[in-house]
Amino acid sequence: MLSKKIVDLLNAQVNAEFYSAYLYLDMANYYKDEGLDGYFNWYKIQAQEERDHALLFMDYLQQNGESVVLEAIKKPDKEFKAFIDPLKAGAEHERLVTGLIHDIYAVAYEEKDFRTMQFLDWFVKEQAEEEDTADDNVKKFELFGSDSKGLYSLDAEMAARTYSTPSLTL
């Protein structure tokens with residue numbers, strides 16, 4: 001049985017993951033408007049991944065006999081003035097999400113909620129990958145994005161990303 005504190009944190013995470021999807025869709029739309037279809041593709045897929053993360057948290061709550069509480073998703077408030085802005089905002093956001101996951105893990109550890117800790121292990125690893133990828137995207141853009149040929153190549157690289165459903169088994 002999950003404690004009320006864990007249930008509240010997991011429900012908050014469901015909503016945080018849906019916000020992440022919304023934020024990444026906003027970034028995708030920015031790039032689409034700017035004619036960078038590869039970056040549009042990359043962030044659209046990122047939004048799909050975040051949605052799937054929310055669904056995994058929902059499934060975990062439901063499999064433990066808990067109700068899911070969906071809240072309103074706030075409008076993303078980032079304003080993008082340069083092509084690198086969404087990349088930097090994405091890296092910052094991934095660090096925020098990592099902190100949220102770690103906060104839930106810390107409470108689960110305090111409560112000796114080993115089942116929730118085991119569930120969160122996948123997300124801890126996933127967030128490390130998400131942060132690395134976001135930081136790499138910023139670094140690549142800083143190195144090559146100011147050159148039109150470099151930007152063209154980066155956009156083509158981002159266009160090659162494909163979607164795959166997370167392989168977390170609950």
Side-chain angles (χ1 to χ4, degrees), residues 9-10 12-60 73-106 108 117-170:
L9 288 168
L10 291 171
Q13 192 63 35
V14 167
N15 290 283
E17 296 291 344
F18 278 129
Y19 172 76
S20 296
Y22 206 47
L23 177 64
Y24 288 133
L25 284 174
D26 192 46
M27 293 174 180
N29 290 332
Y30 166 78
Y31 283 121
K32 185 67 169 178
D33 291 345
E34 295 296 328
L36 292 170
D37 290 343
Y39 281 92
F40 165 75
N41 174 67
W42 198 92
Y43 277 106
K44 188 173 88 171
I45 290 171
Q46 191 65 22
Q48 291 173 300
E49 282 191 6
E50 301 303 338
R51 179 209 58 213
D52 283 351
H53 295 170
L55 296 175
L56 290 169
F57 278 99
M58 287 175 53
D59 288 346
Y60 182 74
I73 301 171
K74 76 175 188 168
K75 179 181 177 182
D77 60 356
K78 301 286 185 194
E79 188 175 327
F80 309 122
K81 295 182 180 185
F83 295 152
I84 197 168
D85 291 349
L87 297 170
K88 287 183 175 180
E92 177 185 322
H93 185 72
E94 288 303 334
R95 286 187 285 279
L96 172 78
V97 172
T98 297
L100 296 173
I101 300 289
H102 289 179
D103 290 346
I104 302 168
Y105 203 100
M117 289 167 56
Q118 184 179 24
F119 167 72
L120 292 171
D121 283 342
W122 184 86
F123 289 97
V124 170
K125 182 180 176 195
E126 174 72 7
Q127 279 309 121
E129 292 172 10
E130 295 284 3
E131 284 188 41
D132 287 346
T133 300
D135 288 340
D136 285 348
N137 287 342
V138 171
K139 287 176 192 169
K140 285 179 183 177
F141 195 92
E142 288 175 339
L143 287 170
F144 308 112
S146 62
D147 172 71
S148 59
K149 290 179 184 175
L151 179 58
Y152 182 81
S153 292
L154 288 173
D155 194 53
E157 182 180 317
M158 298 298 244
R161 183 179 187 191
T162 58
Y163 176 72
S164 62
T165 305
S167 60
L168 175 64
T169 304
L170 299 180

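Model, not experiment: these values are computed from the prediction.
- Distance alone, capped at 3.5 Å, is enough to place a donor-acceptor pair between the Q127 side chain and the E94 backbone.
- In this model, a donor atom of one side chain and an acceptor atom of the other lie less than 3.5 Å apart for D121 and Y105.
- Among all heavy-atom pairs drawn from R51 and F18, the shortest one is CG-CE2, 3.9 Å.
- Scanning all heavy atoms of the two residues, the minimum distance from I45 to R161 falls at CD1-O, 3.1 Å.
- Between F83 and Y31, the ring planes lie tilted relative to each other; the angle falls in the 30° to 60° range.
- Taken from CG in D132 to NZ in K139, the straight-line distance is 8.0 Å, to the nearest 0.5 Å.
- The OH atom of Y30 lies 10.0 Å from the CD atom of E79; values are rounded to the nearest 0.5 Å.
- Residue Y22 holds its OH atom at 13.5 Å from CG of N15, rounded to the nearest 0.5 Å.
- Ring pair F141/Y39 is perpendicular by interplanar angle, where above 60° counts as perpendicular and below 30° as parallel.
- Residues W42 and N137 have side chains in contact (heavy-atom distance under 4.5 Å, counting atoms from C-beta outward).
- Across D37 and D155, no two heavy atoms sit closer than the pair N-OD2, 3.6 Å.
- Here the side chain of N41 pairs a donor or acceptor atom with the backbone of M158 at under 3.5 angstrom.
- We find the CG-CG distance between L151 and L36 to be 5.0 Å, quoted to the nearest 0.5 Å.
- In E129, the CD atom is crowded: over 12 heavy atoms of neighbouring residues, nucleotides or ligands sit closer than 6.0 Å.
- One distance of note links CZ of F123 with OG1 of T98; it measures 12.0 Å at 0.5 Å rounding.
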